[in-house]
K.L.:
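The following block contains the structure, expressed as structure tokens.
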Amino acid sequence: MLELSIVVPSFNERDNIRELISRLDAVLAGIRWEVIYVDDDSPDGTSDLVRSIAREDSRVRCLHRIGRRGLSRAVVEGVLASSAPSIVVMDADLQHDETLLPRMLAKVREDKLDFVVASRYCEGGSVGEWDNKRAAMSRFATYLAKLVVASPLTDPMSGFFLVQREAFDRAVRRLSGEGYKILLDLFASSPTPPRYAELPFVFRERFAGESKLDSAVLWQYIMLILDKRFGHILPPRLILFSLVGGSGLFVHFLILFLAFRVGNVPFAVGQIVATLAAMTSNYVLNNFLTYRDRRLRGMHFFTGLLSFYLVCGVGAVGNVGVANMIFNRQQEWWLAGLAGVVVGTVWNYVASAMFTWKKS
């Protein structure tokens, strides 16, 4: 019987494939294992190489995803495609210490645990050669994780862990799927506090290839935190969209003040300029933050801007119409104004998602 499945999400990791499989073969002697590479259609031919190896080694499998991205969702698909009762998640770049795998498997069996987490922050662990900036970002992200995870994990951001299938099955239908930190998502989505242990490891340098760590990773992490904290009330994108809209109000009144009071521009002209400035500001910020994963570039940026102007124009008409209707019935100006803002915001959010930042 198969004992251990190793799920390895990959993108442009061709030069690391054979080395990782060789190391797994060395450290897992006597253990019946399989490795599943979940490849997001790497242009460097990662999936082709994995398939060629799989034709000679039945322990190696390739799950080739086309038109889908996201590390957390890749891990979920890999685990669902696996067969063993114990599943390890680890990176393809050999920064995770594969020699820890036998100890992780023994630990989860001996102590009847749900998870064994390889930690960089428990005694004996280390982030290795990280610079101060990256180390500080990791510590801050670990602090934010406490907002959604009650368990006192020292390294909730770890991407190297073992999970028992029963524990995964209990959490999988509650997962957010946002971001790249699937361990945090699993712990936050578990209906009961997971039983777990942590083993120290030293984070190594990448074996080959380039790091995928960029500013998008931070965006994905914030989306995950928002989803686990508020997702049962409001979608995380709507929360960000509304916050951006609030910043647009500040831009609107600032431009109106400068145009009307400082520049002596007629009020109507100042109002038009301020409105366009606020919509432009909202568009730029939403393109950079709220819809970072669908960010528009080049000519698409400008066609998207025109689309956003049109969407917000219709939203403004709806805002005024609903506000007037409620005011005429209730005579409560604040209630009417609030209703108009809510209707306008929801319309702008839904319509811009459908037309401006529609999924390709």
Side-chain angles (χ1 to χ4, degrees), residues 214-216 218-223 225-226 230 233-360:
D214 59 17
S215 57
L218 178 60
W219 174 86
Q220 292 169 351
Y221 182 66
I222 292 172
M223 292 293 284
I225 294 291
L226 288 174
F230 305 108
I233 303 173
L234 292 172
R237 285 192 203 269
L238 178 55
I239 295 173
L240 285 178
F241 192 88
S242 300
L243 291 174
V244 168
S247 72
L249 284 176
F250 172 79
V251 171
H252 182 100
F253 285 110
L254 175 62
I255 298 298
L256 182 60
F257 172 80
L258 293 174
F260 180 64
R261 297 300 299 271
V262 178
N264 294 317
V265 172
F267 178 82
V269 175
Q271 179 73 349
I272 292 172
V273 172
T275 300
L276 287 173
M279 287 194 292
T280 304
S281 171
N282 286 353
Y283 172 76
V284 171
L285 288 176
N286 279 315
N287 193 53
F288 183 74
L289 296 173
T290 312
Y291 291 99
R292 187 176 183 85
D293 57 330
R294 306 180 203 171
R295 190 162 31 162
L296 302 173
R297 295 180 172 89
M299 283 303 300
H300 293 295
F301 177 89
F302 297 101
T303 57
L305 178 59
L306 294 176
S307 169
F308 191 71
Y309 283 158
L310 180 60
V311 164
C312 291
V314 175
V317 172
N319 181 330
V320 173
V322 169
N324 282 336
M325 181 184 68
I326 292 179
F327 180 76
N328 291 334
R329 292 184 179 183
Q330 302 291 334
Q331 297 296 309
E332 292 286 352
W333 66 269
W334 63 268
L335 179 62
L338 178 62
V341 169
V342 170
V343 168
T345 300
V346 172
W347 162 262
N348 290 344
Y349 169 72
V350 173
S352 63
M354 293 175 60
F355 300 108
T356 305
W357 291 283
K358 59 181 180 293
K359 290 185 178 180
S360 57

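Just the heavy atoms: all of them, side chains too, but no hydrogens, waters or symmetry mates, feed the values below. Keep in mind it's a predicted model, so treat the numbers as computed, not measured.
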K.L.:
Just verifying a value: how many Å separate Leu249 CG and Phe253 CZ, rounded to the nearest 0.5 Å?
P.N.:
6.5 Å
K.L.:
Looking at Ile255 and Ala274, what are the two nearest heavy atoms and their distance?
P.N.:
CG2-CA, 3.7 Å
K.L.:
Can you tell me how far CG of Leu238 sits from CG of Leu243, rounded to the nearest 0.5 angstrom?
P.N.:
9.5 Å
K.L.:
Looking at Trp347, I want to see if its CH2 is surrounded by more than 12 non-hydrogen atoms of other residues, nucleotides or ligands under 6.0 Å.
P.N.:
no
K.L.:
Taking the side chain as everything from C-beta on, heavy atoms only, tell me whether Leu296 gets closer than 4.5 Å to Tyr283.
P.N.:
yes
K.L.:
Check whether any side-chain heavy atom of Asn282 sits under 4.5 Å from a side-chain heavy atom of Ser247, and report yes or no.
P.N.:
yes
K.L.:
Quick one: closest heavy-atom pair of Val311 and Ala351, and the distance?
P.N.:
CG1-CB, 3.6 Å
K.L.:
Considering all heavy atoms of both residues, which atom of Val262 and which atom of Leu258 are nearest to each other, and what is their separation?
P.N.:
CB-O, 3.2 Å
K.L.:
Considering non-hydrogen atoms only, spot the tightest contact between Thr290 and Phe241 and give its length.
P.N.:
OG1-N, 3.9 Å
K.L.:
Show the atom names and distances, to 0.1 Å, of all donor-acceptor pairs under 3.5 Å that link a side chain in residues 300-310 to residues at least two apart or in another chain.
P.N.:
from, atom 1, to, atom 2, distance (Å)
Thr303, OG1, Met299, O, 3.4
Thr303, OG1, His300, O, 3.1
Ser307, OG, Thr356, OG1, 2.9
Tyr309, OH, Thr280, OG1, 2.6

K.L.:
Please evaluate residues Trp357 and Asn287 with respect to the criterion side-chain contact (heavy atoms from CB on, under 4.5 Å), reporting the C-alpha separation (whole Å), side-chain torsions for both, the decisive distance (0.1 Å), and the verdict.
P.N.:
CA-CA 8 Å; Trp357 291 283; Asn287 193 53; 2.9 Å; yes
K.L.:
How far does CZ of Arg295 sit from CG of Leu289, to the nearest 0.5 angstrom?
P.N.:
9.5 Å
K.L.:
Of the non-hydrogen atoms in Ala278 and Gly248, which two are nearest, and what is the gap between them?
P.N.:
CB-O, 3.4 Å
